[in-house]
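Presented below is the structure to which this report refers.
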Amino acid sequence: MISDSINGVFVIAAGGVANGSFPVPSKRILIWQWEHIWLIYSAFAMAILPIGLALVFAPQIIRQTLIRDPHLTAQVGGCGLLFGAGSVLFGVSLARLGIAITNALVSGIVVFLGSFWPILVGGVQMDRRHLQWLIFGLTLLILSLILCAGASVSRDRSQQNKLNEVRPSTGAFVAVLLAVLAGCLSSVLNVGFASGAPLIANARTDGSPPLLASLAVWIPALFGGLIFNMGYPAYLISLRGSWPVLFEGHHCVGRWCRSALMGSMWFAAILLYGFGASILGSAGSVYGWALGISVSILTANVWGVAGGEWNGASFQPKLLMLLSTVLLIASFGVLCLTRLPR
């Protein structure tokens with residue numbers, strides 16, 4: 001039992017590393033704008049890879065599992081649709097509030113609501129002691145995010161580099177509301193995973209490999225998310241008439257490959273989370289969600305340091321980031337120790 005829980009934690013941690021690393025291939029992609037990168041990334045992460053893997057290694061998921069319970073399949077797809085809307089609102093909030101505040105606000109809401117949704121909808125039962133420790137671990141994680149936001153803002157001021165040159169203060173309240181809505185909607189992806197547990201069980205019964213059984217949830221969920229995640233970039237590209245840019249330049253193939261690699265890493269993170277959460281058992285969608293996000297944030301912070309984002313920063317932002325990292329590791333420890341059987 002203990003070994004299974006440890007294996008589940010390691011699998012989810014590996015997914016968190018992949019999730020925290022997936023934006024790295026997009027760095028220094030020239031000529032393409034955000035919408036070009038996001039379009040290709042979304043196509044691979046939410047359509048090509050999940051459907052392709054199922055067709056090759058677990059075709060019974062599409063032929064039997066999803067068709068057998070169309071109502072639940074549609075319900076999971078609806079959760080994915082809301083998740084996709086949240087992703088688009090995150091991008092809008094990013095332009096208005098800046099990277100640090102938006103990431104802290106949205107990530108805090110996503111990790112908190114995403115962990116509690118399965119409990120609130122009745123998908124997971126938890127006793128009082130475990131619930132108290134879960135809240136303690138999540139509190140440490142959210143405090144870490146607040147310190148991370150403060151460190152980022154302080155760093156940019158010390159470097160005299162604004163995150164957004166144009167961000168009207170009169171629209172700050174609306175921008176915050178959009179960010180809150182983005183976090184609420186994005187967290188619904190975990191509702192789809194928790195409520196789709198019967199689909200995963202049916203996929204295993206139908207003979208799907210354990211690692212790929214969660215595709216029974218991710219295919220409809222990510223297909224729902226694809227509508228907004230590809231639709232909005234496609235709209236921007238059409239609005240600006242920049243479709244030819246996708247096929248221009250000497251390094252066109254490299255840009256496609258790097259964007260596809262982003263999608264592959266993000267999808268790998270989702271797949272590993274689904275597998276690891278299943279190993280952890282009935283509360284896997286609660287603890288696993290928080291564990292995965294904490295490792296993802298820690299990994300992203302490491303990449304930020306390695307990429308020179310903190311070069312030239314003063315002592316204060318570095319101290320805040322160090323304290324944020326300590327709290328993040330502490331939250332990970334609390335969540336792990338609470339989940340492991342005694």
**Q.** Test salt bridge (charged side-chain N to carboxylate O under 4.0 Å, His left out) applied to Arg68 and Asp206, step by step
**A.** CA-CA 11 Å; Arg68 184 183 306 151; Asp206 292 337; 2.8 Å; yes

How about [X] and [Y]: do any of their side-chain heavy atoms sit closer than 4.5 Å?
X	Y	result
Trp218	Phe193	yes
Leu138	Ser331	no
Leu261	Trp266	no

(Q) Just checking Gln132: does its CD atom have more than 12 heavy atoms from other residues, nucleotides or ligands closer to it than 6.0 angstrom? (A) yes

Heavy-atom pair with the smallest gap, counting every atom of [X] and [Y]:
X	Y	answer
Leu280	Gly284	CB-CA, 3.8 Å
Val295	Val17	CG1-N, 3.7 Å
Leu30	Arg255	O-CD, 3.3 Å
Leu272	Val11	O-CG1, 3.2 Å
Trp289	Val110	NE1-O, 3.0 Å
Pro50	Leu222	CG-CD1, 4.4 Å

Q: Give a yes or no on whether the backbone of Ser87 and the side-chain of Asn229 come within a donor-acceptor separation of less than 3.5 Å.
A: no

Q. Can any side-chain N or O of Arg258 pair as donor or acceptor with the backbone N or O of Lys27 at less than 3.5 Å?
A. yes

Q | Derivation and outcome, side chain to side chain donor-acceptor pair (under 3.5 Å), residues Ser144 and Ser324 | A | CA-CA 4 Å; Ser144 169; Ser324 171; 3.1 Å; yes

(Q) By the definition side chain to side chain contact (heavy atoms under 4.5 Å, CB included), identify the one residue from Pro25, Cys257, Ser42 that meets it with Met262. (A) Pro25

(Q) Working note: Ser259 + Trp32, criterion side-chain contact (heavy atoms from CB on, under 4.5 Å); need CA distance, chi angles, decisive distance, verdict. (A) CA-CA 10 Å; Ser259 299; Trp32 281 13; 3.3 Å; yes

